[in-house]
J.: 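Have a look at the structure that comes next, please.
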Amino acid sequence: MIIHPTGQFDNHARDYERIEVRPLAAAMGAEILGVRLSEVDDATFAEIREALFRHKMIYFRGQQVGHAGQQAFARRFGPFAEDAYTQGVPGYPDVQPLIREADARAGMVFGAGWHTDSPFLPEPPAISMLYAVEVPPYGGDTIWANTALAYATLSDTMRALLAPLRVHMSMRRVLATAQAHQAPDDTPIGRVAATRDLRELPPEIARKVLGAMHPLVRTHPVSGEKALYCDETYAVGIEGLTPAEAEPILGFLAAHITQPAFTCRLRWEAGTFALWDNRICVHQAFNDYDGFRRELYRSTIAGEAPA
Ligand code: SIN
């Protein structure tokens, strides 16, 4: 099960004219240097976008963007996505605060558990981004795993077996975790946490629990790469299979995708701006920074129905 570097690992930087790219890990991820996000011209933006699709996750250090700057930069990738959990800051509906106070002791943090963003929607977000304003001195990292590399390292027989399958993506496990660990409040997830009877779920939550069926192997609309579309948080079944049949397949895939060799991990600094492509990687946040404040701002870009 553990894969060691073979010909499949290729995260080298291409030559660019406007940006410098420094790969983060063998599997994926890259730092982009030589860019101020507040003043990106079209030629530079084209290189950033290309680097995002190549490295799956990219990040910039030392940025000062503010809400207006974040919204403007994010919008260059396309229209904003529906966000399942968070609400925007006043005046900037597409810049959502992810703030955990130093004295917070909730059993869950936003984004804990390996996941791709909002796959229970018919058209899940393509790209997500986070801008860090205040971070713990240590802890609070984010980790990503490359689902195209995971697909490429499967046997031909396994790939043929998965090719026709559709995965059921649902919010139902997050709902159960929220109800167990999250204090009810006036956020979307806090309102869910307050609901005990599934029949009383607000309609916008009920449709996300019902979820969507998507191809288990999807093709990236720009790069053409095939990737596994599966995670441990939202993938709850496979169309046409009983739970007993689907669970071992989903369990194997979740473990295969997230093995250390396929990952990269980012240590945040104030001023770090990171973006990733949900169509081709999964990620998770860590709940390991009790006693420290963490303040990030998130934006998500609309995607297409996975195909
Ligand atoms: C997320 O899942 O988008 C949150 C990641 C993080 O806060 O590190």
Side-chain angles (χ1 to χ4, degrees), residues 24-25 28-29 31 52 56-61 63 70 74 77 80-89 94-102 104 106-121 124-147 169 171 173-175 177-178 181-182 187-189 192 208 229-235 254 257-258 263-290 292-303:
L24 176 61
M28 66 176 296
E31 180 176 359
L52 170 63
K56 286 49 173 185
M57 184 284 277
I58 56 172
Y59 63 99
F60 307 79
R61 298 287 195 196
Q63 300 297 317
Q70 174 164 348
F77 288 90
F80 290 107
E82 170 183 357
D83 198 279
Y85 298 111
T86 49
Q87 289 164 322
V89 294
D94 297 299
V95 177
Q96 292 115 15
L98 273 193
I99 301 175
R100 188 171 151 97
E101 299 296 345
M108 76 185 280
V109 288
F110 182 86
W114 284 102
H115 65 284
T116 175
D117 282 342
S118 302
F120 42 77
L121 298 174
I127 296 165
S128 300
M129 53 196 82
L130 283 175
Y131 173 55
V133 170
E134 183 177 346
V135 296
Y138 56 89
D141 295 354
T142 308
I143 187 168
W144 287 263
N146 180 340
T147 53
M169 297 291 206
M171 196 198 252
R173 283 198 204 107
V174 172
L175 179 73
T177 309
H181 294 291
Q182 167 90 28
T187 61
I189 203 72
V192 171
K208 292 163 189 164
Y229 198 51
C230 177
D231 67 15
E232 69 180 18
T233 300
Y234 297 116
I257 290 167
T258 57
T263 68
C264 70
R265 179 166 174 153
L266 179 67
R267 183 170 185 161
W268 293 93
E269 295 170 5
T272 301
F273 194 109
L275 304 86
W276 63 93
D277 188 332
N278 286 298
R279 299 168 292 196
I280 208 135
C281 65
V282 291
H283 63 285
Q284 75 153 42
F286 292 89
N287 186 4
D288 61 356
Y289 52 95
D290 277 0
F292 299 114
R293 189 170 189 276
R294 187 174 185 265
E295 177 181 352
L296 282 78
Y297 290 89
R298 168 183 154 90
S299 298
T300 50
I301 304 302

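For the numbers below, each heavy atom of this structure counts, side chains included, while hydrogens, waters and symmetry mates do not. Both ligands and their constituent atoms are indexed starting at 1 by order of listing.
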J.: Are side-chain heavy atoms of Thr272 and Arg267 found at a separation under 4.5 Å?
T.: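 Thr272 vs Arg267: side chains apart.
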J.: Could you check whether any side-chain heavy atom of Phe80 comes within less than 4.5 Å of a side-chain heavy atom of Ile301, counting everything from C-beta outward?
T.: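 In contact.
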J.: Under 4.0 Å from a heavy atom of His115: give me the atoms of ligand 1 that qualify, with their elements.
T.: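 Checking each atom against His115, I get 2 (O).
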J.: So, do Glu134 and Ile99 sit near enough that their side-chain heavy atoms are less than 4.5 Å apart?
T.: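 The answer is no; the side chains never approach within 4.5 Å.
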J.: Against heavy atoms of Leu130, which atoms of ligand 1 measure under 4.0 Å?
T.: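 Selected atoms, number and element: 5 (C), 6 (C).
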J.: Please report the shortest heavy-atom distance between Ala302 and Ala126, naming the atom on each side.
T.: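 Between these two residues, the closest heavy atoms are O-CB, 3.6 Å.
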J.: With heavy atoms only and a cut-off of under 4.0 Å, state how Gln96 meets ligand 1: side chain, backbone, both or neither.
T.: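 None of Gln96 does.
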J.: For atom 3 (O) of ligand 1, which protein heavy atom lies nearest, and how many Å away is it?
T.: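 Answer for atom 3 (O) of ligand 1: Arg298 NH1, 3.0 Å.
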J.: What residue and atom, counting heavy atoms only, is the protein's closest point to atom 1 (C) of ligand 1, and at what distance?
T.: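 The protein heavy atom lying closest is His283 NE2, 3.5 Å.
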J.: For the residue pair Asn278 and Trp276, confirm or rule out a side-chain donor-acceptor distance under 3.5 Å.
T.: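 Short answer, yes.
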J.: Can you tell me if Gln284 has a non-hydrogen atom under 4.0 Å from ligand 1?
T.: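 So Gln284 does not count as touching ligand 1.
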J.: Just to confirm my output: which protein heavy-atom neighbour is closest to atom 7 (O) of ligand 1, and how far is it?
T.: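 Ranked first by proximity to atom 7 (O) of ligand 1 is Arg294 NH1, 2.9 Å.
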J.: Give the contacting part of Leu296 toward ligand 1: side chain, backbone, both or neither, where contact means a heavy-atom distance below 4.0 Å.
T.: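 It is neither part, as no heavy atom is under 4.0 Å.
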J.: Determine, step by step, whether Phe292 and Tyr138 satisfy the side-chain contact (heavy atoms from CB on, under 4.5 Å) criterion, reporting the C-alpha distance in whole Å, the side-chain angles of both residues, the deciding distance to 0.1 Å, and the verdict.
T.: CA-CA 9 Å; Phe292 299 114; Tyr138 56 89; 3.9 Å; yes
J.: Which pair of non-hydrogen atoms, one from Glu232 and one from Gly113, has the smallest distance, and what is that distance?
T.: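 It is OE2-CA, 3.6 Å.
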J.: Which of the atoms in ligand 1, numbered in the order shown and given with their element, are less than 4.0 Å from a heavy-atom of Trp276?
T.: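 Those of ligand 1 that fall under 4.0 Å from Trp276 are 3 (O).
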J.: Give the residue, atom name and distance (to 0.1 Å) of the protein heavy atom nearest atom 8 (O) of ligand 1.
T.: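 Heavy-atom neighbour on the protein nearest atom 8 (O) of ligand 1: Thr142 OG1, 2.5 Å.
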J.: Answer yes or no: is there a donor N or O on one side and an acceptor on the other, between the side chain of Arg298 and the main chain of Leu98, under 3.5 Å?
T.: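 Side chain of Arg298 to backbone of Leu98, a donor-acceptor pair under 3.5 Å: no, none is there.
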J.: At under 4.0 Å between heavy atoms, which part of Trp114 makes contact with ligand 1: side chain, backbone, both or neither?
T.: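 None of Trp114 does.
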